[in-house]
Number of protein chains: 2
Amino acid sequence: MARAATTSDAFNAIAEPQRREILTLLRGGERPVTDLARDLGMTQPQASKHLRVLREVGLVRVRGAGKQRLYGLDARGLRPIHEWVGGFERFWSESFDRLDAYVQELKQERQEGPHDDDDQ
Amino acid sequence: MARAATTSDAFNAIAEPQRREILTLLRGGERPVTDLARDLGMTQPQASKHLRVLREVGLVRVRGAGKQRLYGLDARGLRPIHEWVGGFERFWSESFDRLDAYVQELKQERQEGPHDDDDQ
DNA sequence: TTGACGCATGCCAATATAGGCATATGATGT
DNA sequence: ACATCATATGCCTATATTGGCATGCGTCAA
C-alpha cells in the first residue's frame, strides 16, 4: 500500500516544503493564487493544487473577491501539531549526558518490572 | 515528479502516523525492534523500515546490545519543527471572537454576491 | 561449526503524489 | 453573448512510499 493521503491531515500537509512556504506567506495576509504562485516561483496550477490540499485539511480558507479568490491562513489546525511536538520538548532540552542517564534509569526500571508506558 | 523523499527531513518523517507512535513509545526509553513492533501491532520488517527512516533523519539512534539493537529517541530534530509551527502561534491564539467575526463578514459578503467557496 | 534468535534488506505490488500542460469554469466588463 | 482575466481540474508520467514476504547477516550459546 501507499502512503496515507496527504489530504488526510495537517501533518502530511506541512510535510511538503512549498506548502509550508505558502502558509508562511499567508501570515502576511490574504493573497490571490497568482500572487502566491509568482512569489514562490511555481506555476499557477501548482499553487492551486497545493492550496486545495491546504484547504482540505483546513489550514487555509478562501474568499471570493471579484474575479479573484483570496486565500487566507487558518492556523488553528497547526495547534495539535505544535502540541504533539511540544510533548518532546524535555527530550531535546536535556543535555545528551543527562539523556543517557535517563535512559539508563528506564532500563533499570524495566528490568525490575516491565512497564508498557504510554502510547500516543 | 513525485513527492520529496520521506527520508529527507523530519517534517516528512513525522508525517507518518506509525512513526509518530514509535517516537512516542521511545519517550519511555530505549527499546528493541521486536518490542516496538509488538506494541504497535506491526510486523518486524515494518518496524525496522520505519526505524530506518527515523534514523536517517536523525530522530532516533541505535545501540547494539548483544543480539539486540536498542533504539532510542533523539528529539533534537523535532526542535526546528516546533519552532516553525510555533511561528504561527499568534494566528491560532487570536481570540476566537475576532476570528468568528471575520467569518461572519465572509458570510455576509457571500450573501451579497453568492460564491461557493470552500467545500469539505 | 551449527543452530537459534533478532534485525535489516531486497523484491514486488498497489497507490498517492508532484509536475507539466491543456482546458474547463467563473466572474467581469463591454 | 463575447472576450478576457483568474482559477480550478483533468490527464499523463515518473517516482516515492508502505505493506507483505522471504531471506541475508550478525551475535550468542552449545
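Chain identifiers are assigned alphabetically (A, B, ...) following the order of the sequence lines, protein sequences preceding nucleic acid strands; residue numbering begins at 1 within each chain.
One can place CG of A:Asp35 at 8 Å from P of D:dT7, the figure rounded to the nearest angstrom. Rounded to a whole Å, the CZ atom of B:Phe11 is 18 Å from the P atom of C:dT17. Computed from coordinates, the A:Glu56 CD to C:dA18 P distance equals 12 Å when rounded to whole Å. B:Asn12 places its CG atom 13 Å from the C1' atom of C:dA16, with the value rounded to the nearest Å. Rounded to a whole Å, the CE atom of B:Met42 is 16 Å from the P atom of D:dC21. Atom CG in B:Leu54 sits about 15 Å away from atom C1' in C:dA8, given to the nearest Å. Between A:Arg55 atom CZ and D:dA8 atom P there is a gap of 6 Å when expressed in whole angstrom units. Rounded to an integer number of Å, the gap from CZ of A:Arg52 to P of C:dG19 is 16 Å.
Transitive grouping of hydrophobic side chains (ILVMFWY, heavy atoms separated by less than 4.5 Å) keeps A:Leu70 and A:Leu25 in distinct clusters. Linking ILVMFWY residues whenever their side-chain heavy atoms come closer than 4.5 Å, directly or via other members, places B:Leu78 and A:Phe91 in the same cluster.
Other residues, nucleotides and ligands place more than 12 heavy atoms under 6.0 Å from the CZ atom of A:Arg20. Around atom CZ of B:Arg79, no more than 12 heavy atoms belonging to other residues, nucleotides or ligands sit under 6.0 Å away.
For A:Val33, the side-chain atoms get nearest to D:dA8 when compared with the rest of C:dG20, D:dA8, C:dC11. When distances run from any side-chain atom of A:Gln18 to the nucleotides C:dG19, D:dA22, C:dC21, the shortest one goes to C:dG19. Minimum atom distance to the side chain of B:Gln46 is reached by D:dG20, of the listed D:dG20, C:dT9, D:dG10.
Residues A:Arg31 and A:Asp39 meet the side-chain proximity criterion, which asks for heavy atoms closer than 4.5 Å.
Between the side chain of A:Gln44 and the base of D:dA8 there is at least one donor-acceptor pair of N/O atoms closer than 3.5 Å.
Toward the 5' end of DNA chain D, the nearer of the two residues A:Leu51 and B:Lys67, judged by each one's closest nucleotide, is A:Leu51.
Heavy atoms of A:Pro32 sit under 4.0 angstrom from primed sugar atoms or phosphate atoms, though from no base atom. Within the nucleic acid shown, B:Gln68 comes within 4.0 Å of sugar-phosphate atoms alone, with no base atom in reach, counting heavy atoms only.
Taking only side-chain nitrogens and oxygens, A:Tyr71 comes nearer than 4.0 Å to OP1 or OP2 of D:dA8. Contact annotation: B:Arg69 does not reach the phosphate of D:dT27 (side-chain N/O to OP1 or OP2, under 4.0 Å). Residue A:His50 places at least one side-chain N or O closer than 4.0 Å to OP1 or OP2 of C:dG19.
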